[in-house]
Amino acid sequence: MSQHRRRTSAKQGKQRQVLVVATAVALVVVAAGVSLGLWAASGGEGGATGPEARASRGGAAAAPTSPSPTRSYPLSEAPRTIPAVRDHTPARGPGWRPEKDHRVVVDDPALADEGRLVAGELGLSYQGEKSDKRAGDLRLSLNEDEGANPESYVMTVRDGRVEISGPAEAGVFYGTRTLKQAAHDGGTAPEGVVRDEPAKAQRGFMLDIARKNYTAGWIEDRIRELGDLKFNQLGLHFSDDQGFRIESASHPEVVSEQHLTKAQVRKIVDLAKSRHITVVPEIDSPGHLGAVLDAHPDLQLRSAQGSPVQGAIDISKSESADIVDDLLDEYADLFPGGPWHLGGDEYQALTRSNPEASFPQLAAAAREQYGSGATVADLTTGWLNDRAATVRKHQRTPLAWNDGFFRGTSVEAAKDIRVAYWTGKEIGARQPAEYLSAGRKVINYNDEFLYYVLGEPQTFVYPTGQRIYEQWTPRVLRGTTAVPERYDGQILGGSFAVWGDRPNAQTQDQVAAGIRMPLRATVQKLWDPDRPELSWAQFRALADRLG
C-alpha cells in the first residue's frame with residue numbers, strides 16, 4: 001500500500017481498506033499470471049517474414065489453466081554466439097523472441113541503417129524514431145559514454161523488450177549481431193544484460209584477388225558473413241604478377257581481362273560500410289608488380305647481365321614511382337577507409353648475395369640520394385617511405401609487410417608505417433620483438449596459423465579452425481610462441497588471409513567452405529584472446545547450429 005495513502009483510525013475503516021487492497025492485489029497477481037502464461041505460450045507464432053529472416057521452429061506451449069502467483073523463471077544463461085559475449089548479467093524472465101508485430105525503433109536517426117537491417121533479418125517492422133514503449137520492442141540507441149570503446153555495446157532484455165545501446169553506431173550494430181544469433185531459428189534472447197566489446201580493434205580478412213579472380217557476388221557474400229561475425233576489415237590484394245583486377249582510368253593498359261569494375265567495387269565498399277567493415281586496398285610494390293610491368297617492360301628491373309627480374313620494378317627510374325603513385329592516387333577516392341597496405345615484401349633485388357654488384361643502377365641511385373655509403377636496402381626503404389607519403393596525403397595510415405623493413409640501414413622506415421607481420425621464413429626476417437621494442441604497431445598475419453594458400457605450395461598447409469582456436473592468440477605473431485604480454489597494446493589485431501598461389505587448386509565455393517571455421521576461430525580469439533569457455537567440439541557444433 002502506498003505510504004502516501006491517508007490512514008484512518010477507525011477499526012472498521014481499516015478492515016474495509018485491507019479487504020479492498022487484498023482484492024486488488026489478488027486481481028493483479030491473477031492478471032500477471034495470465035500474461036506470463038500467454039507469453040510462454042506464444043512459442044514463435046507469426047515468426048520472421050522478411051527476405052533475410054529465418055523461420056521459427058518448435059510448437060507453442062499450452063497456457064496454464066490456473067496461473068500461479070508464485071510462477072518464476074530460472075536465472076538466464078548467456079546467449080551462445082560467435083564470437084562469444086564477454087559479460088552477461090543473468091536475470092529471471094521469459095527472454096525475448098521476434099514476432100511479426102514487434103517494432104524496431106531508434107532514438108537517433110543515425111541508427112536507421114542498423115534498424116532497417118535487423119528488422120528485415122528478424123521479420124520485424126521498422127518504425128524509425130519513437131519515444132513510446134510497446135511490448136516486444138527492439139530499441140536501438142546511442143549513449144553518451146565518452147571515452148568508451150566505440151565498438152562496445154550493452155544489450156538489455158527485460159520486460160518483454162530489448163534495448164541495444166552503444167557509444168557509436170558500430171557498437172550498436174554488433175549488438176544487433178548478437179541478438180540475431182541469439183534469436184536464430186526461433187530461438188530466444190535470454191533475460192539479462194550483455195556488456196560486450198572486442199579486445200582487438202582490427203579484425204580482418206584479406207583476399208588475394210590478383211592471382212585468383214573472384215566474382216563480385218562471392219565477395220559480397222563474404223562481407224555479409226564477416227559482418228555477422230563482427231569482423232571489421234576486408235583487405236583486397238588486387239595487384240600482383242598474375243593480374244591487376246580493378247578497372248583503372250589512369251593506366252587502363254595494366255588491367256587484366258577479368259577484373260572488377262569501379263561500379264562493382266563501389267557496391268562492395270558500400271555493402272562493407274553498412275556492416276561497419278573497412279575495405280583496405282593493397283597495391284604491392286616494388287615487388288609483385290608483374291601485371292603492371294607486362295604493359296611497361298621498360299620499367300622492369302634488370303641485372304647487370306641484362307636479365308629481367310620477375311615482378312620487380314626498377315626503383316632507380318623516376319617513371320617507376322610515377323606510375324605507382326598514379327595508381328595510388330586514383331584509388332584513394334574508391335577506397336575511403338583509413339588503412340592502406342603498401343606491400344613492400346619480397347623485392348627480388350634484395351635476395352641476391354650482393355645486391356649492389358648485381359644491380360649497379362640501384363646502387364648508383366642509392367648513393368646519389370642518400371650518400372656514398374648507401375645501399376640497395378636504403379633505396380628500397382626510401383621507396384617505401386615515398387609511397388607512404390603518397391597515401392598519407394589522402395589521410396591514410398600506411399602499413400607494409402614485415403620483410404619490407406630492413407635492419408642496419410641508414411634510411412629508416414617512417415615511424416607511422418605499421419607492420420603486417422606474416423613470416424619469419426624470409427631471408428633476414430626479424431623477430432617480432434624487434435619491431436615492438438622499437439615502438440611500432442603490429443598487425444598479426446602469422447602464416448603458421450592464418451595463411452590459407454591455394455594448392456598448399458612450399459611448406460604451407462591449409463589452416464584449421466581447431467588449431468587457431470586452441471593454440472593461437474594475437475600475441476603469437478611468429479611460429480607458435482607468444483611475445484611478452486607487455487607488447488599486447490601494440491598489437492592492433494590480426495587478419496586471416498587467402499592467397500591464390502595456385503589459383504585453380506580450389507573453386508571459390510571450395511574456398512568459402514574451407515575458410516568457414518578458421519574465420520570463426522580467428523574472430524573468437526581477436527574478440528577475446530582468453531581461453532574460450534566452449535571446447536572445440538562445442539564451438540563447432542554452435543557454428544553448425546547458427547549456420
Side-chain angles (χ1 to χ4, degrees), residues 149-151 168-170 198-208 223 226 230-239 246 265 268-269 272-273 275-286 288 321 324-345 380-406 411-422 430 432 434-446 450 474 477 487-497 526:
N149 185 335
E151 294 187 306
E169 294 139 75
K200 292 301 178 183
Q202 295 187 21
R203 304 175 301 281
F205 169 58
M206 173 169 252
L207 182 65
D208 173 10
I223 290 171
L226 295 172
K230 302 181 181 132
F231 280 90
N232 64 2
Q233 287 189 356
L234 168 65
L236 290 182
H237 175 93
F238 65 91
S239 170
I246 296 179
V265 174
I268 286 168
V269 169
K273 183 179 179 182
R275 265 65 174 178
H276 295 275
I277 294 171
T278 299
V279 181
V280 181
E282 182 191 1
I283 299 176
D284 202 346
S285 77
H288 295 283
V324 174
D325 283 347
D326 285 347
L327 293 167
L328 294 174
D329 287 334
E330 177 181 359
Y331 293 111
D333 290 337
L334 191 62
F335 297 100
W340 195 290
H341 207 312
L342 298 170
D345 63 312
T380 308
T381 303
W383 169 278
L384 179 65
N385 286 340
D386 290 344
R387 306 294 75 75
T390 298
V391 300
R392 204 179 288 118
K393 289 187 299 185
H394 298 286
Q395 291 74 52
R396 304 307 165 81
T397 301
L399 67 150
W401 298 113
N402 62 287
D403 51 327
F405 298 79
F406 309 108
V411 180
E412 292 188 2
K415 294 297 185 183
D416 68 332
I417 303 177
R418 295 173 174 178
V419 180
Y421 199 99
W422 71 282
R430 299 155 67 189
E434 288 194 44
Y435 303 98
L436 295 165
S437 62
R440 289 197 182 274
K441 295 179 179 179
V442 177
I443 300 96
N444 191 326
Y445 288 78
N446 187 338
L450 306 179
L477 286 161
Y487 294 128
D488 186 67
Q490 291 171 240
I491 302 171
L492 302 180
S495 182
F496 189 85
L526 290 169

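No experiment lies behind these values; they were computed from the predicted model shown. No hydrogens, no waters, no symmetry mates; every other heavy atom, side chains included, goes into these values.
The shortest non-hydrogen separation linking G489 to L492 is O-CD2, 4.5 Å. The two residues T278 and P339 make their nearest non-hydrogen contact at CG2-CD, 4.1 Å. In this structure, A400 and L384 approach most closely via the heavy-atom pair CB-CD1, 3.9 Å. Between N232 and A201, the closest heavy-atom pair is ND2-O, 2.7 Å. Residues P474 and I491 approach most closely at O-CG2, 3.5 Å, considering heavy atoms. Annotation for T380 and P286: closest pair CG2-CG, 4.2 Å, computed over non-hydrogen atoms.
In this structure, the side chain of R387 does not engage the main chain of D325 through any donor-acceptor pair within 3.5 Å. Of the possible donor and acceptor atoms, one in the side chain of Q490 sits under 3.5 Å from a partner among the backbone N and O of L436. Without hydrogens or angle criteria, D345 side chain to G404 main chain gives no donor-acceptor distance under 3.5 Å. Remark: the backbone N or O of F238 is not paired with any side-chain donor or acceptor of D208 at under 3.5 angstrom. At least one donor-acceptor pair under 3.5 Å links the side chain of Q395 to the backbone N or O of K393. Checking side-chain atoms of Y435 against main-chain N and O of N402 turns up a donor-acceptor pair under 3.5 Å.
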*asked:* Quick one, I246 with F335, criterion side chain to side chain contact (heavy atoms under 4.5 Å, CB included). Give me CA distance, side-chain angles, the key distance, then yes/no.
replied: CA-CA 12 Å; I246 296 179; F335 297 100; 3.7 Å; yes
(request) Begin with the C-alpha distance, continue with both residues' side-chain angles, and end with the deciding distance and a verdict on side chain to side chain donor-acceptor pair (under 3.5 Å) for D329 and H394. (result) CA-CA 8 Å; D329 287 334; H394 298 286; 2.9 Å; yes
- Query: Taking it one step at a time, do W383 and V324 satisfy side chain to side chain contact (heavy atoms under 4.5 Å, CB included)?
  - Reply: CA-CA 11 Å; W383 169 278; V324 174; 3.9 Å; yes
Problem set entry | Intermediate values then yes/no, side chain to side chain contact (heavy atoms under 4.5 Å, CB included), W422 and D403 | CA-CA 9 Å; W422 71 282; D403 51 327; 2.8 Å; yes
Q: Check the pair L477, N446 against side chain to side chain contact (heavy atoms under 4.5 Å, CB included), reporting the backbone distance first and the verdict last.
A: CA-CA 5 Å; L477 286 161; N446 187 338; 5.6 Å; no
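Using a 4.5 Å heavy-atom threshold, the side chains of F406 and V411 count as separate. When side chains are defined from C-beta on, Y331 does not count as touching V265, because their heavy atoms never get closer than 4.5 Å. Using a 4.5 Å cut-off on side-chain heavy atoms (C-beta onward), L450 and S495 make no contact.
Screening H276, R203, K230 for a side chain to side chain donor-acceptor pair (under 3.5 Å) with E151, the sole residue that qualifies is R203.
Annotation: E412, atom CD; neighbour count of heavy atoms from other residues, nucleotides and ligands within 6.0 Å does not exceed 12.
One distance of note links CD of E434 with CZ of R440; it measures 11.5 Å at 0.5 Å rounding. Summarising the geometry, atom CD1 belonging to I277 is positioned 10.5 Å from atom CZ belonging to F205; distances are rounded to the nearest 0.5 Å. Here I268 contributes atom CD1 and I223 contributes atom CD1; the two are 6.0 Å apart, rounded to the nearest 0.5 Å. Note: T390 OG1 to L327 CG = 11.0 Å, rounded to the nearest 0.5 Å. A distance of 7.5 Å separates CD1 in I443 from CD in Q233, rounded to the nearest 0.5 Å.
Here H341 pairs with W401 under the ring pair (Phe, Tyr, Trp, His ring centres under 6.0 Å) rule; sequence neighbours left out.
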Which atom pairs, one a donor and one an acceptor, fall under 3.5 Å between side chains of residues 413-420 and the rest of the protein, sequence neighbours left out?
| residue | atom | partner | partner atom | Å |
| --- | --- | --- | --- | --- |
| D416 | OD1 | R392 | NH2 | 2.9 |
| D416 | OD2 | R392 | NE | 2.9 |
| D416 | OD2 | R392 | NH2 | 3.4 |

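Salt-bridge check for K200 with D488: passed, with a basic side-chain N closer than 4.0 Å to an acidic carboxylate O.
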